[in-house]
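Okay, structure first, notes after.
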Amino acid sequence: MCFLKDCPRRRPVILRFCLLGVKMYDAEGEALLMAHALRRIHYTTFRPDDSQFAFVSRNPHCPQLFCHLFVGGQPSEAQVLNLLLCRAFQLQYLARHPEHRGPTLSAPRKSPGVGREPLDPEVVSPSVNALISFRRVPLSVGEEPGAPISADLPPSVSRSASLGTASCYPTLVRKKAIRSKVLRSGAYRSPGSHMQLTAELETCREQEDPPKWILPELSEKMERLQDGVWFCEGMNWEAAMYLLQRDRLGAYFLHTDPVSLGRWTLFTKTQCGVIPYSVCQGQEGSYHLEHLQEEFGSLAALVGHHSGSDSSLLYPLAPGRINPCYEPQEPSAEQSSQVSHGYPQGPCAQNCPPTPQETPQTEVGT
């Protein structure tokens with residue numbers, strides 16, 4: 001990458017990412033120049049000094065590897081492109097290995113709020129306003145506040161489960177809550193009782209309909225990509241450690257301390273194996289590695305500093321990642337006949353979900 005930074009052969013292109021691979025178009029976005037399946041991409045990295053992003057891949061039916069180098073307008077563009085490909089590697093691995101799915105390693109997110117239909121205070125009487133708290137239910141995943149709620153209930157829903165829906169009128173909800181002994185008569189006026197009712201409804205919903213695991217999507221936001229790649233979002237700790245041990249030197253991931261608030265563990269691969277470093281957050285919001293005096297304003301600044309030559313670590317952090325689902329050769333004729341939903345059943349492909357729709361995630365001119 002250093003050797004090619006002044007290469008005179010260059011042209012403006014547009015890169016489009018999805019969970020199946022990378023496509024390269026001309027500057028107008030009309031002519032397709034290249035298309036690289038994710039299973040044929042072996043490695044990705046970037047250099048912030050020269051705003052360079054590169055990935056190494058092979059062509060179909062060809063074991064030889066080629067390096068494709070792109071130059072962005074600023075370092076953040078090259079970093080986003082690299083994070084997009086790193087996150088695509090992780091999501092492809094999760095799609096092929098559902099047994100390695102688990103809770104995110106990042107800090108716990110705030111619980112979603114509640115949503116209800118807006119009411120006009122000039123039209124609705126105070127008594128109805130007092131009862132309307134029964135209509136508020138926890139938002140489901142991906143649901144936005146104020147979204148319309150269906151009034152149809154499946155016949156299999158029990159009376160206790162129907163309390164968690166917004167299809168019942170306030171008076172009916174209050175009567176059902178009293179009959180099921182979730183709430184006593186008159187207790188709806190107490191805020192504490194409302195919180196208790198909400199907790200009961202959430203527990204009832206979890207027992208009736210356990211949450212289904214949904215494969216995350218690629219995001220264009222820098223912070224979202226960093227959280228997904230650094231904390232191996234959607235992957236359990238054992239799988240994250242398994243991939244780290246098989247990655248390049250300097251690869252790393254972060255793990256939140258489940259006991260101590262404001263503490264993380266930075267696992268990085270070195271010549272001596274995987275080494276953990278404790279990351280602490282000070283009272284003023286700064287971040288630092290334990291036993292080191294250097295403080296940084298964010299986790300991104302800490303990672304960026306220790307990725308350079310001024311790092312105090314045994315081995316500097318590396319932005320590059322190896323694709324765990326890389327296939328060095330095309331599958332045989334027998335394996336090709338087992339292709340399911342666009343994912344070839346190679347040595348790393350098992351239990352594949354339906355192929356996601358190819359939607360452009362980012363377009364960057366280089």
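Fair warning: this is a prediction, and the values are worked out from it, not measured in the lab. For this chain, numbers begin at 1 and follow the sequence in order. Hydrogens, waters and symmetry mates are skipped; everything else that's a heavy atom, side chains included, is used.
Taking CG of L15 as the start and NE2 of H68 as the end, the distance is 11.0 Å to the nearest 0.5 Å. The OG1 atom of T268 lies 7.0 Å from the CG atom of L244; values are rounded to the nearest 0.5 Å. The OG atom of S278 sits 8.5 Å away from the CG atom of L289 when rounded to the nearest 0.5 Å. Distance check, rounded to the nearest 0.5 Å: OG1 of T45 to CZ of R47 gives 9.0 Å. The distance from the OG atom of S307 to the CD atom of Q79 is 9.0 Å, given to the nearest 0.5 Å. For the atom pair W230 CH2 and C86 SG, the distance stands at 11.0 Å (nearest 0.5 Å).
Side-chain contact check for N236 versus R101: every heavy-atom pair is 4.5 Å or farther apart. Residues L85 and V22 form a side-chain contact, since some pair of their non-hydrogen atoms from C-beta on lies under 4.5 Å apart. At a threshold of 4.5 Å between non-hydrogen side-chain atoms, the residues H288 and Q281 do not count as touching. Between L299 and V279, the closest side-chain pair of non-hydrogen atoms falls below 4.5 Å. Within the 4.5 Å cutoff, the side chain of V229 has no heavy atoms near those of the F253 side chain. Put simply, the side chain of K269 does not reach to within 4.5 Å of the side chain of Y252, judged on heavy atoms. The shortest side-chain heavy-atom distance between L225 and V80 falls under the 4.5 Å cut-off. Residues R96 and C325 have side chains in contact (heavy-atom distance under 4.5 Å, counting atoms from C-beta outward).
R58 forms no cation-pi arrangement with F66, by the criterion of a distance under 6.0 Å to the ring centre and an angle within 45° of the ring axis.
Taking the six-membered ring wherever Trp is involved, the centroid distance between the rings of F231 and H255 does not fall below 6.0 Å.
Remark: F296 pairs with H305, H306 by the ring pair (Phe, Tyr, Trp, His ring centres under 6.0 Å) rule, at least two apart or across chains. Among residues two or more places apart in sequence or in another chain, the salt bridge (charged side-chain N to carboxylate O under 4.0 Å, His left out) test is passed with R321 by none. Legend: residues meeting side-chain contact (heavy atoms from CB on, under 4.5 Å) with R246, ordered by chain and number and at least two apart, are Y242.
Using cut-offs of 30° and 60° on the angle between ring planes, the pair F53 and F55 is tilted.
Across every non-hydrogen atom of G228 and R87, the tightest pair is O-NH1, 3.3 Å. Closest approach of Y93 to M235, counting heavy atoms only: CD2-CE, 4.2 Å. Between S286 and E295, the shortest heavy-atom contact is OG-OE1, 3.2 Å. In plain terms, the two heavy atoms of D247 and G320 that are nearest each other are OD1-O, 4.5 Å. Contact detail for V71 and D50: the closest heavy-atom pair is CG1-O, 3.9 Å. Of all heavy-atom pairs spanning P75 and S51, the tightest one is N-OG, 3.1 Å.
Put simply, the side chain of S219 gets close to the backbone of K221: a donor and an acceptor are under 3.5 Å apart. A donor-acceptor pair under 3.5 Å is absent between the side-chain atoms of N59 and the main chain of C62, judged by distance alone. Q52 contributes a side-chain N or O that, together with a main-chain N or O of M1, makes up a donor-acceptor pair within less than 3.5 Å.
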For this session: Please test T265 against L254 for side chain to side chain contact (heavy atoms under 4.5 Å, CB included), starting from the C-alpha separation and ending with a verdict.
Result: CA-CA 6 Å; T265 303; L254 286 163; over 6 Å; no
Exercise. So I14 and M24, side chain to side chain contact (heavy atoms under 4.5 Å, CB included) or not? Walk me through it.
Worked result: CA-CA 6 Å; I14 293 177; M24 184 175 70; over 6 Å; no
Exercise. Going through the checks in order, is the side chain to side chain contact (heavy atoms under 4.5 Å, CB included) test met by L317 and V303?
Worked result: CA-CA 7 Å; L317 303 180; V303 172; 4.1 Å; yes
For this session: Carefully, step by step, assess Q92 and N323 under the rule side chain to side chain contact (heavy atoms under 4.5 Å, CB included).
Result: CA-CA 9 Å; Q92 186 185 48; N323 184 6; 3.8 Å; yes
Exercise. Taking it one step at a time, do D227 and R224 satisfy salt bridge (charged side-chain N to carboxylate O under 4.0 Å, His left out)?
Worked result: CA-CA 5 Å; D227 289 344; R224 191 73 182 87; 5.4 Å; no
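Sparse packing is recorded around CD of E284, with 12 or fewer heavy atoms of other residues, nucleotides or ligands lying under 6.0 Å away. No more than 12 heavy atoms of other residues, nucleotides or ligands sit less than 6.0 Å from atom CD of Q329. Within a 6.0 Å sphere centred on CD of Q293, heavy atoms belonging to other residues, nucleotides or ligands number 12 at most.
A salt bridge links E330 and R40; the closest N-O separation between the charged side-chain nitrogens and carboxylate oxygens is under 4.0 Å.
When hydrophobic clusters are built by joining Ile, Leu, Val, Met, Phe, Trp and Tyr residues whose side-chain heavy atoms come closer than 4.5 Å, directly or via intermediates, L302 is grouped together with L313. Hydrophobic clustering of Ile, Leu, Val, Met, Phe, Trp and Tyr side chains at less than 4.5 Å, counting indirect connections, keeps L249 apart from Y326.
With no hydrogens or angles considered, a side-chain donor-acceptor pair links H36 and S57 at under 3.5 Å. Counting only N and O atoms by type, the side chains of W264 and Y287 include no donor and acceptor under 3.5 Å apart.
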